[in-house]
There are 2 protein chains.
Amino acid sequence: MTLHHDIARKLADAGIPLTSQRLLIACELFAEHCHLSADELLQRVGSLTPDISRATVYNTLKLFSQKGLVQELVVENGKRVYDSNTAPHPHCYNADTGELTDVHQSLQLAGPLPELPPGTALERVDIIVRVRNVA
Amino acid sequence: MTLHHDIARKLADAGIPLTSQRLLIACELFAEHCHLSADELLQRVGSLTPDISRATVYNTLKLFSQKGLVQELVVENGKRVYDSNTAPHPHCYNADTGELTDVHQSLQLAGPLPELPPGTALERVDIIVRVRNVA
DNA sequence: TTCAGTTTTTAGACACAGTCTAAACCGGAA
DNA sequence: TTCCGGTTTAGACTGTGTCTAAAAACTGAA
Ligand SMILES: [Mn+2]
Ligand SMILES: [Mn+2]
Ligand SMILES: [Zn+2]
Ligand SMILES: [Zn+2]
């Protein structure tokens, strides 16, 4: 109940008109901190009724990302992942399992950022701790 | 001349039998520090004679990566990039142009690494400075 | 309520990077 | 020469994401 209202307000604040599809997708994304690919999300909402089309899931995720509601991550090829936590935080990626988890300790960079190429502005700094299963 | 000999030795040291295709690909990769996708590399060697098949380019890049001769990077979806510099070093990614450059200043992490998930070992830490063109 | 104009959703075709397979090819040893 | 393992190859195939054009759902004015 309140969850739906919170999410509706969240979308409104971002200037996104509310639709039933967007509400369902947002519910899945914001119920808990998660890292979901478009197809994983599609599968989740697909088990609900009525189904939401694939195009809408992709469009909505891109829209949410552009409006700053989710963070788009790319850590392995052929899969884009959306992070419902938009605060800057490092990630841990298991190259064997593909599992992507948060690093709750804040990894700061020592020293200043490098000089950026001329004509560019900083967007963010991605830090990914890559691990492998021990043999 | 010596370049070919240097590269031949490099492959031999890594335990990779020499073939004409591997030599051509390695020449393109190791002549200068570069970040190449499989298709970019395919295009380069494709302008030579004789052509090298797409499958061989993909197989060879994966082999070189497994043997530690190049570093596989993923910063945007739908394109894997191979870095001929295997030393750990941060990168700068322009999200507007797709350009990937090296950060020559070494960005160290302040403080210790986080505790890794049980049963895993550190592979490496990727640091990517994402920038955008200013309007 | 009607109706026109706009936005959103949708199915399906499409593009593209990467993988897989099975056959051809090659080079060295017997 | 023949044999045999490793290598290369064309082409089919997969999976993720994009595009398009039409249907559907809104919106606001008449
Ligand atoms: Mn369903
Ligand atoms: Mn050619
Ligand atoms: Zn996260
Ligand atoms: Zn580099």
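These numbers come from the heavy atoms of this one structure, side chains and all, not from hydrogens, waters or symmetry mates. Keep in mind the model is a prediction, meaning the values are calculated, not measured. Quick note on labels: first sequence line is chain A, next is B, and so on, each numbered from 1.
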Tell me: [atom1] of [X] to [atom2] of [N], nearest whole Å?
X: B:Leu41; N: C:dA17; atom1: CG; atom2: P; result: 14 Å
X: B:Leu42; N: C:dA17; atom1: CG; atom2: P; result: 10 Å
X: A:Asp51; N: D:dA24; atom1: CG; atom2: P; result: 17 Å
X: A:Leu18; N: C:dT8; atom1: CG; atom2: C1'; result: 12 Å
X: A:Asp39; N: D:dT14; atom1: CG; atom2: P; result: 16 Å
X: A:Asn59; N: C:dT8; atom1: CG; atom2: P; result: 10 Å
X: A:Leu63; N: C:dT7; atom1: CG; atom2: C1'; result: 12 Å

Sugar-phosphate only, base, or nothing, as touched by B:Arg22 at under 4.0 Å among non-hydrogen atoms: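 Sugar-phosphate, no base atom in range.
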
Out of C:dG18, C:dT9, D:dG17, which has the shortest distance to the side chain of B:Tyr58?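 Within the option list, the nearest is C:dG18.
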
Using only side-chain N and O atoms of [X], determine if any of them is under 4.0 Å from OP1 or OP2 of [N].
X: B:Gln21; N: D:dT9; answer: yes
X: B:Thr56; N: D:dT9; answer: yes
X: B:Thr19; N: D:dG6; answer: no

With B:Arg132, which residues qualify under salt bridge (charged side-chain N to carboxylate O under 4.0 Å, His left out), at least two apart?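 Per chain and number, B:Arg132 pairs via salt bridge (charged side-chain N to carboxylate O under 4.0 Å, His left out) with A:Glu123, B:Asp96.
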
If each of A:Ile52 and B:Val81 is mapped to the nucleotide of DNA chain C with the nearest heavy atom, which maps nearer the 5' terminus, i.e. the 5' end?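 It is A:Ile52 whose nearest nucleotide is closer to the 5' end.
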
Residue mapping more 5' on DNA chain D - nearest nucleotide basis, B:Ile16 or B:Arg54: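 Looking at the nearest nucleotide for each, B:Ile16 comes out on the 5' side.
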
Expected output: side-chain A:Ser84 to main-chain A:Cys34 donor-acceptor under 3.5 Å: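 Yes; judged by distance alone, with no hydrogens or angles, the pair exists.
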
Under 3.5 Å, is there a donor-acceptor pair between the side chain of B:Arg124 and the main chain of A:Arg130?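 No; judged by distance alone, with no hydrogens or angles, the pair does not exist.
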
Does anything in residues 73-80 of chain A reach DNA chain D, meaning a heavy atom under 4.0 Å, and if so which residues?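 The answer is A:Gly78, A:Lys79, A:Arg80.
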
Does A:Asp83 have any side-chain hydrogen bond (donor to acceptor under 3.5 Å, both in side chains) partners at least two apart in sequence or in another chain, and if so, which?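 Once residues adjacent in sequence are excluded, the partners of A:Asp83 under the side-chain hydrogen bond (donor to acceptor under 3.5 Å, both in side chains) criterion are A:His33, A:His35, A:His89, A:His91.
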
Quick one: pull up SG in A:Cys27 and CZ in A:Arg44 and give me the separation to the nearest 0.5 Å.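 A:Cys27 atom SG to A:Arg44 atom CZ measures 12.5 Å (nearest 0.5 Å).
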
Please report the closest heavy-atom contact between B:Ile25 and B:Leu41, naming both atoms and the distance.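 Closest heavy-atom pair between B:Ile25 and B:Leu41: CG2-CD2, 3.5 Å.
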
Give me the atom names and distance for the closest heavy-atom approach of A:Ile16 to A:Leu63.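 For A:Ile16 and A:Leu63, the tightest heavy-atom pair comes out as CG2-CD2, 3.8 Å.
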
